[in-house]
Each structure stands twice: as C-alpha cells, then as structure tokens.
Amino acid sequence: FAASGIGMRNVGAGSISISGIPTDATILGAYLYWTILNPMAPPATATFAANPITGTLIGTSVDPCWGGVDDLENLVDAGASWTFRADVTSYVTNPGNGSYALSNFPSGETLMQDPFPVEGCGTFSLLPLLEGASLVIVYQSPSEPQRDIVIYDGNAPVPDGSENNPITLNLSGFQ
C-alpha cells in the first residue's frame with residue numbers, strides 16, 4: 001500500500017502526492033480520509049481530483065482542545081471531531097503515483113492564516129476547522145511480495161497535552 005497526507009487547517013484545499021508504487025501495480029482500492037472539528041456534524045462533501053465526492057462518517061470523538069469562532073465571532077469550543085472516508089478508487093490513475101488535487105472541504109478559513117501565531121497558542125479561527133486529509137492506496141504488484149493490508153477506520157484524537165498519555169486501540173477480528 002501507499003499513503004500520504006496533508007494538513008489543511010485554514011486552507012480548505014491542497015494536494016496529496018503519491019510516489020513509489022511500482023509501474024506494474026494494479027490498484028485494488030483508494031480511500032481518502034479527512035477530519036473536521038466542529039460542534040455539529042459538518043457536510044461530508046468535497047472535491048477530489050476535480051470530482052465531487054461524498055464521504056461516509058466513520059467516527060466521532062472529542063476535539064483535541066481547539067476553540068473557534070462562529071459566524072457572529074462568538075468564541076465556541078470546537079466540541080467534536082468528525083472523521084470521514086470516501087472511496088476514490090475510480091479517480092486514481094494506475095498505478096497510483098501522482099498528485100491529486102483536494103478542494104471544497106468545509107473550512108471556515110481559507111486564506112492560509114497561521115493557526116499558531118504565538119508559539120504554543122492557537123488562534124480562534126472561524127469554524128469548522130478542517131484538520132487535514134490522507135490518501136491510502138492499496139495495490140497489487142507482481143514485482144512485490146503479497147501482503148495482508150488491514151485498515152482500521154475510526155476517530156481517535158490525541159487531546160492537547162497528552163504526549164505522555166498515548167492512545168491504545170484494541171483491534172480484533174483478524175483471521
């Protein structure tokens with residue numbers, strides 16, 4: 001498999017580049033993941049490689065200690081994180097290497113404002129707060145050994161100040 005990600009706070013758009021997939025590979029699946037912080041469920045729509053997509057909500061949790069402002073400039077706790085996944089297999093060209101444009105994600109700010117203008121302190125950007133996106137491509141190649149790939153879908157944010165409190169996930173169901 002191949003994967004890459006991009007931070008998208010205060011941007012709402014960007015691109016993800018994938019490299020290293022053998023030229024004899026065949027794509028088995030490609031999945032785009034993204035997380036948004038907002039008190040209420042944000043829209044699950046965006047654009048991937050010039051194609052409109054709709055994600056499936058795969059997990060919600062607390063926000064990692066971020067606040068924002070609403071459209072009336074009232075300070076609001078982001079309150080929750082929402083993680084989505086979209087199957088983008090049909091929009092990824094074989095063997096998968098390349099740059100894929102991302103746009104039209106729900107993001108209150110889109111002018112690339114620095115969310116950390118003072119070291120250790122975040123600003124209060126307009127909600128929703130788009131965290132970023134990751135592209136995962138699963139492929140098969142006759143030039144590489146066969147592997148089992150398991151993707152764990154969900155949402156497990158690391159709260160602010162938790163560097164000494166790692167998150168533990170108990171995964172099961174393997175055969």
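- At least one donor-acceptor pair under 3.5 Å links the side chain of T89 to the backbone N or O of A30.
- Atom OG of residue S134 and atom CZ of residue R85 lie 13.5 Å apart, to the nearest 0.5 angstrom.
- Within the model, atoms CD of E109 and CZ of R9 stand 10.0 Å from one another, a figure rounded to the nearest 0.5 Å.
- By the criterion of side-chain heavy atoms lying less than 4.5 angstrom apart, applied directly or through intervening Ile, Leu, Val, Met, Phe, Trp or Tyr residues, L28 is grouped together with I149 in one hydrophobic cluster.
- When the shell of 6.0 Å around CD of E144 is examined, it contains more than 12 heavy atoms from other residues, nucleotides or ligands.
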Problem - Worked check of side-chain hydrogen bond (donor to acceptor under 3.5 Å, both in side chains) between T35 and T83 - result: CA-CA 4 Å; T35 298; T83 300; 2.9 Å; yes
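- L102 is listed as a side-chain neighbour of I16, based on a closest heavy-atom distance under 4.5 Å.
- No side-chain donor-acceptor contact under 3.5 Å links W34 to the backbone of E131.
- The shortest distance between side-chain heavy atoms of D24 and Y139 does not fall below 4.5 Å.
- By the criterion of side-chain heavy atoms lying less than 4.5 angstrom apart, applied directly or through intervening Ile, Leu, Val, Met, Phe, Trp or Tyr residues, I21 is grouped together with V92 in one hydrophobic cluster.
- Of the possible polar contacts, one joining the N97 side chain to the G20 backbone as a donor-acceptor pair under 3.5 Å is found.
- When only modelled atom types and interatomic distance are considered, S81 and N155 share a side-chain donor-acceptor pair under 3.5 Å.
- T56 is not listed as a side-chain neighbour of F84, based on a closest heavy-atom distance of 4.5 Å or more.
- Using a 4.5 Å heavy-atom cutoff, the side chains of L32 and I53 are in contact.
- In this structure the side chain of Y100 reaches within 4.5 angstrom of the side chain of L135, judged on heavy atoms.
- Taking 4.5 Å as the limit, some side-chain heavy atom of I137 sits within range of a side-chain heavy atom of I27.
- Residue L129 holds its CG atom at 5.0 Å from CG of L37, rounded to the nearest 0.5 Å.
- Taking both residues in full, the closest heavy atoms of P95 and P22 are given as CB-O, 3.4 Å, listed atom of the first, atom of the second, then distance.
- Criterion: ILVMFWY side-chain heavy atoms under 4.5 Å apart, direct or through other members. Under it, V136 and Y91 are not part of a common hydrophobic cluster.
- In the hydrophobic clustering of this structure, M8 groups with I18; members are Ile, Leu, Val, Met, Phe, Trp, Tyr whose side-chain heavy atoms approach within less than 4.5 Å, directly or through other members.
- Atom CG of L130 and atom OG1 of T110 lie 11.0 Å apart (nearest 0.5 Å).
- Between A86 and G55, the shortest heavy-atom distance links the atoms CB-CA, 4.1 Å.
- Linking Ile, Leu, Val, Met, Phe, Trp and Tyr whenever their side-chain heavy atoms come within less than 4.5 Å puts F1 and Y33 in one cluster.
- Residues Y31 and V88 fail the side-chain proximity criterion, which asks for heavy atoms closer than 4.5 Å.
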